Amino acid sequence: MIKEEFLERTIDSTARKSLEKADQDRIETVWDRLESQEPQCGYGLLGICCRNCAMGPCRIDPFGNNPTRGVCGADADTLVARNLARMIAAGAAAHSDHGRDIVEVLHLTALGKTSGYQITDEEKLKRIAGEYGINVDGRVKEEIAKELAEKAMDEYGMRKNTLQFAERAPEKRKEIWKNLGIWPRSIDREIVEIMHRTTMGVDADFVNILLQGLRVSLSDGWGGSMIATEFSDILFGTPTPKESFVNLGVLKEDTVNIIVHGHNPLMSEMVVDASRDAEIIKLAKQKGATGITLAGICCTANEILMRKGIPVAGNFLIQELAITTGAVDAMVVDYQCIMPSLVPIADCYQTKLITTSPKAKIKGATHIEFDPERAYEIGKEIVKEAIEAYGNRNPDRVNIPNHPVKMMAGFSAEAILGALGGTVQPLIDAIVAGKIRGIAAIVGCNNPKIKQDYGHVTLAKRLIENNVLVIQTGCSAIATGKAGLLVPEAADQAGEGLKEIANALGVPPILHMGSCVDISRILTVAAVIAKELNVDISDLPVAGAAPEWMTEKAVAIGAYVVASGIFTVLGPIPPVLGSANVTGLLTQGLGDVVGATFAVEPDPEKAAELIIKHIDEKRKALGLTTPPTGAS
Amino acid sequence: MKTVYIKPENCIGCKHCEVACAVEHSETKNLYSAISEEPLPISKIHVMPTFGIMAYPGKCMHCDPTPCIQVCPSGAISRDKETDTILINEEKCIGCGMCAIVCPFSAVLFNPSWRVSVDRDVAHKCDNCFERITNDLIPACVEACKTGALGYGDINEIIREERRAVGKTAAQLAAAIPVEEKIPELLKVWRDLALSMSQVGEKK
C-alpha cells in the first residue's frame, strides 16, 4: 500500500513507488522542500518586490495601503513589469545560449576541429543555408556549414539588426511586430536591453517594458530556440518517427545504468555513441554487467529520444527519484533544470553525479568538462566512470519499479509534413471538415505545486476526446508518454474524427515534437499552415498550454507563443497579480495588440474548456462549422 | 491595554515579521551580525500555511488568567502589570515544557538563548518587544508588517473601530448602498486560483 501522501504528489506509478522507497531511505525530495518553504512570500508570488538597487529592497502593499511605491517611486505596475521582463530575458538567455553552443560546435565541426561530430543532415544544411541566402551549389558541406554557422553567430550580434528565422512568420504577423516596434533585432541585444531597461531609473512605463519583454521572447522563439533546433538537426539528424520506452522501469538490474539529464544534445549524443562503443561494452561485461542501459531525463532525453530512440526515465520531478532506485550508476548532467539536491542523494546510493558544463557545476559532483575537440573521448571517459561505479553498486538497495511504457516520438515539422505527403493540405482539410477541431500545444515543466503529470495528462485526454490534435514537447510530452498516450493505439481514447485521422496515418493522437527549444518546430508548423491559408497565426483554431510550468524559460516561451498570436493557458499562477494593469494587459489588452492573450487556470478540466471554447471561436471566425461540445 | 492584533485576511505569508522578531531578540539587534550569532536568534512569531495560499502568524496572546504562569514550577514566568506582557526569565527557566503543554496557542518553543550563560534549551515566546514598547516604539513584527496583518494598539479602541466598520456595512446594506470590498478584487482572484491549484487532481 502506497501512502496517501505519495498518491497525492504524482500520478506516475513508478514515481509513487520510488517516493515510498525515498521515504524508507530517509531521502528528502523536492516535495518535502516545498512543504518547508510554505507559506511562500506573497510579495514574491504577486511580483511586487524589487531588489534592483541598494535603496531597496522595496515592496508594495497588495491591499492598496502604504507603501504604494518603492523608494525610487516605482509603483506596482512598474515592479511587476520589470520582474516579468527579467524572467523572460533569463528564459530567452537559457534557450539562446544553448543555441549558441550548438552553432559553435557546428562551426568547429565544419573546420574539422571536433571529435565525434559530423554534419548528419546535409539536405537540411542546404535548406537552412538557402534561407540565409548562402550559395550551396557545387560547395562541400563543410564549406556551407562554416558560412552558415558564421551567419548564425551574427544573429547574436549588433550589426545585422534583424533575425533571419523571424522571416518564416506569415506577412500579417510580421507587420504586427514591425508596427509595434517589437521585431527582434538580435538575440543577445534584446536580452541585454531588458537588463538595461529594468535597472534603477530607466524604463518605468509598464507597457513599454512589456513590449520589450515580447521582443526578447520573439528573439528566443524565432531566434535562439529555433537556431538550437535547426542546427541540432544539421549536426545530429532531423528526427523521424520512432518507438521507445518511458518511465523508471527502463532501468535494468543487470546493466550499467547511465542517465543523461539536462538540455543540450552536444554531450548526451556523445554519451550515446560512447555507450555503443564495442570496447566500452566489453569493459562493462568484464565488470559483470550484461551491457549498458542509457536513459534520459528532461529535454536532453527528448533530444536523444527524437533522434536515436533512447528511452526516457522520466521528466523533471523524476530526477531525484531516479537515483533512489539505487540502480543509477552515473547521472550525467549538462545544464538547466538540474536540482542541486542531486548531490546528497547521489551520495547515498554510490551514484556518480557528473557535471559536464563549465556553466553548471555543483559542489560535491564529479566534474568532467565538455570539450568539443575531445567530445567523443570525454563521452567514453564518462561511460567508464559509470562502469567503475557499477562495481560499487549495492544490490540490496536496488528497487526498480514497474515495467516501462511504450511511446512514440520523433515528430519534427519535416516528419509531420512527410507523413501528410509533403504538404499541410491534408491537415487543413481535416480541420475544415471538423474531423480535427483544432490544434493545441501542451508544453512545459513539472511543478510540485501541481500533482505531477496530472495537469498534462488530464488536459491532453480532454482535448483529444474533443477531437483537438495535441502536439507536445518537453516534460509535458514525457508525462503523456508515461500515461500511455503516445502510441497509435491511444487513438481509441480520441474523438471519432481525430481517431480516424490518427489511424489513417498510423500515428498517436498526440504528437511528441521534441525538447523545449523544439517549440520552435511548433511555430514553424503554425506559420506554414497560416501561410497556406493566407491568414495570420492568430486566426488559426490553435491554442497553447503549460499546465505545470515552473522555469523562467517557460515564461519566455509563453510570451513568444502569445506574441506569435496563440492563446495560451497557464496552470501555475505567474507572479503578476500584484498589478491590475499588467494582469489586464496580459489577459485582455494583448488581444487587441497581438491577437492573443494569456489565461490562468490551474484546473486542467477547466483549462480544456477554455481551449475548446477558444478553438470554436476561431473556427467560427474562419467560417467553419463548429462541432458540438462534449466527448464524442 | 495595548496589544499586537492579527488580521489573518491581510497576511500574505512573507515572513518579514519573523525576520524582524529574530533580529530584535538577537544579541546584536542587527540583521547582518544577527545571522552569525551563536546561538542563532529565533523568531517568536510563526507564520504558518493554513489552506490554499492563506497563512497565519501565530504568537503568544498574553492571556489573563495565564495558564503558563499557573503551571511554571520554577517561577520563571511573570506578568508585567504596566504593559500586560507575559515575560520569561530565561535564567530561571528549567526547560520542563509545562508552559508549552498548557499554552492554548502552542506559542512556546525551546531553544538556546544568548541571555542564558549555560548552553541549554529555554522557553521562547513573544514578549511584546518589551524593550521597544517601554521606549515608545511599536513591536518589531508590527513595524515590519506592510500589509496590515499585524497591528498594535489599545484592544478596546481596535474593537470600537471594527464595530464602526461593521455598523457602516450593515447600514449600507440596509440602504442598498454598494459596500466597498475590503480585499482588492485581484487578491481574491489570486487566492481562489491558489486554492484551486492546491486542489488540482484531489479526489472530489
Side-chain angles (χ1 to χ4, degrees), chain A residues 4 7-11 34-46 48-49 57-68 76 447 449-455 457-458 547-548 570-584 587 600-607, chain B residues 6-20 31-32 43 45-58 138 142-151 161 165 180-204:
Chain A
E4 184 65 28
L7 297 177
E8 283 305 316
R9 287 178 175 177
T10 176
I11 62 167
L34 172 62
E35 230 169 88
S36 309
Q37 283 291 338
E38 285 171 337
Q40 290 179 313
C41 171
Y43 295 112
L45 290 168
L46 294 166
I48 41 177
C49 47
C58 298
R59 59 255 193 271
I60 308 288
D61 176 18
F63 296 93
N65 300 311
N66 241 350
T68 56
N447 183 329
K449 292 181 180 180
I450 303 252
K451 185 190 274 196
Q452 188 198 10
D453 296 350
Y454 178 85
V457 171
T458 310
E548 303 178 27
L570 304 175
I573 310 157
V576 300
L577 296 184
S579 160
N581 284 327
V582 172
T583 305
T587 56
V600 179
E601 181 47 71
D603 182 346
E605 305 273 1
K606 291 182 194 158
Chain B
I6 300 167
K7 281 174 124 179
E9 69 271 27
N10 276 40
C11 181
I12 59 167
C14 74
K15 290 175 168 265
H16 196 169
C17 54
E18 288 188 358
V19 176
L31 172 69
Y32 301 104
S43 172
I45 185 163
H46 313 284
V47 183
M48 301 160 291
T50 53
F51 64 91
I53 210 132
M54 302 300 287
Y56 181 83
I138 62 172
V142 179
E143 186 182 74
C145 182
K146 298 297 173 200
T147 64
L150 298 171
E161 283 294 327
E180 61 273 25
E181 295 286 349
K182 271 200 232 164
I183 306 286
E185 189 54 37
L186 211 54
L187 266 178
K188 284 195 202 160
V189 169
W190 173 54
R191 285 173 168 169
D192 287 349
L193 281 171
L195 185 62
S196 153
M197 190 158 85
S198 70
Q199 293 168 341
V200 164
E202 269 182 19
K203 285 190 207 111
K204 298 270 156 64

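Worth saying up front: this structure is predicted, and the values here are computed from it rather than measured. In the text below, chain A, chain B and the rest are named by the order of the sequence lines, each starting its count at 1.
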Visitor: If we define contacts as heavy-atom pairs under 4.5 Å, which of A/P39, A/G42, A/C49 has the most with chain B?
Guide: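 Counting heavy-atom pairs under 4.5 Å, the top option is A/P39.
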Visitor: Below 4.5 Å from any heavy atom of chain B, which atoms of A/S579 appear? Answer side chain, backbone, both or neither.
Guide: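 Backbone only.
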Visitor: Below 4.5 Å from any heavy atom of chain A, which atoms of B/M54 appear? Answer side chain, backbone, both or neither.
Guide: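 Contact with chain A is absent: no heavy atom of B/M54 under 4.5 Å.
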Visitor: For A/Q40 and B/K15, does a side-chain donor sit closer than 3.5 Å to a side-chain acceptor?
Guide: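 No donor-acceptor contact under 3.5 Å links the two side chains.
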Visitor: Report yes if some heavy atom in the side chain of B/L187 is under 4.5 Å from a heavy atom in the side chain of A/L577; otherwise report no.
Guide: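 A side-chain contact under 4.5 Å is absent here.
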Visitor: Between A/T10 and A/Q452, does any side-chain donor sit less than 3.5 Å from a side-chain acceptor?
Guide: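 There is such a pair between these side chains.
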Visitor: Against chain A, work out which of B/N10, B/V47, B/I183 has the most heavy-atom pairs shorter than 4.5 Å and name it.
Guide: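 Of the candidates given, the most pairs with chain A belong to B/N10.
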Visitor: Please rank A/K449, A/R59, A/E38 by heavy-atom pairs under 4.5 Å with chain B and give me the top one.
Guide: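 Counting heavy-atom pairs under 4.5 Å, the top option is A/R59.
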Visitor: Salt bridge between B/E181 and B/K188, side-chain N to carboxylate O under 4.0 Å?
Guide: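 Here B/E181 pairs with B/K188 in a salt bridge, since their nearest N and O are under 4.0 Å apart.
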Visitor: Do you know the tightest heavy-atom contact between A/L46 and A/P62?
Guide: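 Minimum heavy-atom contact is CD1-CB, 3.7 Å.
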Visitor: Which bit of A/P604 is near chain B, if near means a heavy-atom gap under 4.5 Å: side chain, backbone, both or neither?
Guide: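 Only the side chain of A/P604 comes within 4.5 Å of chain B.
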